[in-house]
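Following: one structure in structure tokens, then a few remarks.
In this chain, residues are counted from 1 in sequence order.
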Amino acid sequence: MDKTESLLTLPPPASTGPTPTDATAAAGPPARGRRDPAWVRPALAVLLLATALLYLWGLGASGWANSFYSAAAQAGSQSWKAFFYGSSDAANAITVDKTPASLWLMALSVRVFGLNSWAILVPQALLGVASVGVLFATVRRWYGPAAGLIAGAVLAVTPVATLMFRFNNPDALLVLLLIGAAYATVRAVETASTRWIVLAGALVGFGFLTKMLQAFLVIPVFAGVYLLAAPTGFWRRVRQVLAAGLGVVVAAGWWVAIVELVPASARPYIGGSQGNSILELTLGYNGLGRITGAEEGSVGGRGPASGQTGLGRLFDTENGGQISWLLPAALILLVAGLLLAGRAARTDRRRAGLLLWGGWLLVTGVIFSFMSGIFHAYYSVALAPAVGALVGIGVTLLWQRRTTGAPRWQAIAATATLAVTLAVTAWWSWRLLGRSPDWYPWLRTAVLAGGLAAAVLLVVADRLARRVVPVLVALGATAALAGPVAYSIQTAATPHTGSIPSAGPAVEGGSGPGRGGFPGGGRMRDGGQNAPGGQNRTDGQFAFPGGAQAPGGQVPGAPGGGQAQGGGQLPGGGGQGRGPAGGGMGGLLDSREPSAELRSLLEANAVDYTWVAATIGSQNASGYQLATGEPVMSIGGFNGSDPSPTLAQFQRYVAEGKIHYFVGGSGFRANGGSSASQEIAAWVAEAFEAKTVDGVTVYDLTSGQEG
């Protein structure tokens, strides 16, 4: 056996020994007392350093990235109350529409290092490096260091992972927590450990505090694997899984209980809900509504914003280049690995690991494929650890059957499966790269030719000189990873801002670099955001397809008079989109940097007011808040559709002199929701005199109402 073959060969099976209730030994490499070959640590160090370079390189170019979360981190760095609740502003008018765990990391970083892009984004990059390291450790325990390194490398260069570990959405922390929960489950299965399985539950529970119910998708998989494979009696396994469930409830529920028990008057409004309830937000807008499409107050739900459902969703133009490069390989290798396991003992670790990662991939992938509510391509980062693990596990299992004295027919079958997997991967990469025909067109040809050549040589590898085998392995690995590596490098070299980022170059019929659109939507122009089936015009006004009226109807006298095509009026509309350096306001999905003149106006006498300004929509508010460093009230929350504040509450704040300015800007409600923001906009336009500051309509709420 040459060096390359030995690197990809699994350690010899070892038994954990019989237990009083299960005399069958658990197959798999020893979990403790095993020394890795000398090459493992240097290889791991290179992998982690390369990952850090990829995720940190030019990170500051993305500015505030998703300013919605950056503004909340800024608020949390100024107010511990805002920190705890995840408020959008330090005066605690309203929270973001997620649980706040990911904000806590950013807010603490801002407290230490000050408010800047690096303080916001470096924690996300470090979470990515940690995710690669923990995935390596998890896969390595049962399948050896080569499998762990392959798994970590695949995760690191998956384009959507590169995107999200350089961005400040909650997904980065969620991925690390779920990989950590998988590691704890693996440790629990080894010795039937109550401590480890409860820790797995607690990590999933903390995942809920990061991105709510999405964290729970892996629970049936982890619980099922433990119930199947843990080397102890059935009823003890059941009790332990119930204890892990309690760990989930405690880790997730303490924060929810506090928020529900604190009187509404003593805390900020729960953004994204229509009834000021975290339970409503959990079960509705961010819960079952994502499955059914019934998301009251959302901008999507059933229709273009959710994209086309079905098994092909993860492979289509919006999602394929994000996650699917090695997805066919992962599925092929999962089936092959389970066939190799055959009728193994109940406690067989190698089968248990395949079920764990395969279950993660299939359950999460099927739900993502068929959910009718809002779905964005970057959600698929949750699949990347499972794809990486299955590729690493499958390759090493098949290579072992090919090289370590297995029956001849098994060696032939393993070789053929590896060759087919490589050929399919090369072909699919060729297809994905073909969706951007003007982007390095030579690459797709090289990938296909190299992959097919490596697949053919693999079939006849036994007839080749041993010194050729390392070249064959290198050629196959290069062909398999060249596409995602190229996409990831392009992603790292491109600034990303707004609410719906997208990895890789522009694709035909999909989203462009540095920004993402609603599936099926129009193309973005002048840096604006896509919206369902339409366009964002360069004047900052949203053009609804077909001249339809703006959702919610016309609002006579709305500040700024932002017009939608067809006569629909946008509440608070009229900010002139001037791009990042201009003085215009943002939109539903992105913010804009206010001009120096407008910023100076808002900062004047700021200490005299609770909020220096109020405006409709969280992205609009975030741009002003990050520029001034002062609290800005987000009327209606992210979509402008939350009943916070009501017209009466807003009028009381104005009467008490708590708000200095009302800033006009777009915002619309769709799929139901409150009309409070429209009512406020109409009242302000009627009661106060408007003035224009660098193209933005501003109302001084302290100047006295018009007679």
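In this structure, OG on Ser618 lies 6.0 Å from CD1 on Ile94, to the nearest 0.5 angstrom.
Within the structure, side chain to side chain donor-acceptor pair (under 3.5 Å) pairs that include any residue of residues 87-109 comprise Ser87-Asn92, Asp89-Trp611 (at least two apart or interchain).
Note: Phe688 and Phe662 fail the aromatic proximity criterion, with ring centroids not under 6.0 Å apart. Aromatic rings from Tyr661 and Tyr699 are positioned such that their centres are separated by 6.0 Å or more.
Applying the side-chain contact (heavy atoms from CB on, under 4.5 Å) test to Tyr609 and every residue at least two apart in sequence or in another chain returns Asn605, His660, Thr702. Listed by chain and number, the residues in a side-chain contact (heavy atoms from CB on, under 4.5 Å) with Leu105 are Leu127, Leu173 (sequence neighbours excluded). With sequence neighbours excluded, the residues satisfying salt bridge (Lys or Arg N to Asp or Glu O under 4.0 Å) with Arg599 are Glu593. Applying the side-chain contact (heavy atoms from CB on, under 4.5 Å) criterion to Ala90, with sequence neighbours excluded, gives Ala75, Gln78, Ser79, Pro631. Evaluation of the side-chain contact (heavy atoms from CB on, under 4.5 Å) rule for Ser131 yields Leu155, Phe165, Val175, Leu176, Ile179 as partners, not counting sequence neighbours.
Between the side chains of Ser499 and Gln619, at least one donor N or O sits under 3.5 Å from an acceptor N or O. In summary, the side chains of Glu630 and Gln625 do not present any donor paired with an acceptor at a separation below 3.5 Å, with no hydrogens or angles considered. Neither side chain, Asn169 nor Tyr69, offers a donor N or O lying under 3.5 Å from an acceptor on the other.
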Could you please spell out the steps behind the side-chain contact (heavy atoms from CB on, under 4.5 Å) verdict for Trp683 and Val654?
CA-CA 12 Å; Trp683 175 74; Val654 172; 4.2 Å; yes
Walk me through whether Asn168 and Asn66 qualify under side chain to side chain donor-acceptor pair (under 3.5 Å).
CA-CA 6 Å; Asn168 61 328; Asn66 190 339; 5.4 Å; no
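In this structure, Arg111 is positioned above the aromatic face of Trp80, its NZ or CZ under 6.0 Å from the six-membered ring centre and within 45° of the axis.
Using a 4.5 Å cut-off on side-chain heavy atoms (C-beta onward), Thr615 and Met633 make no contact.
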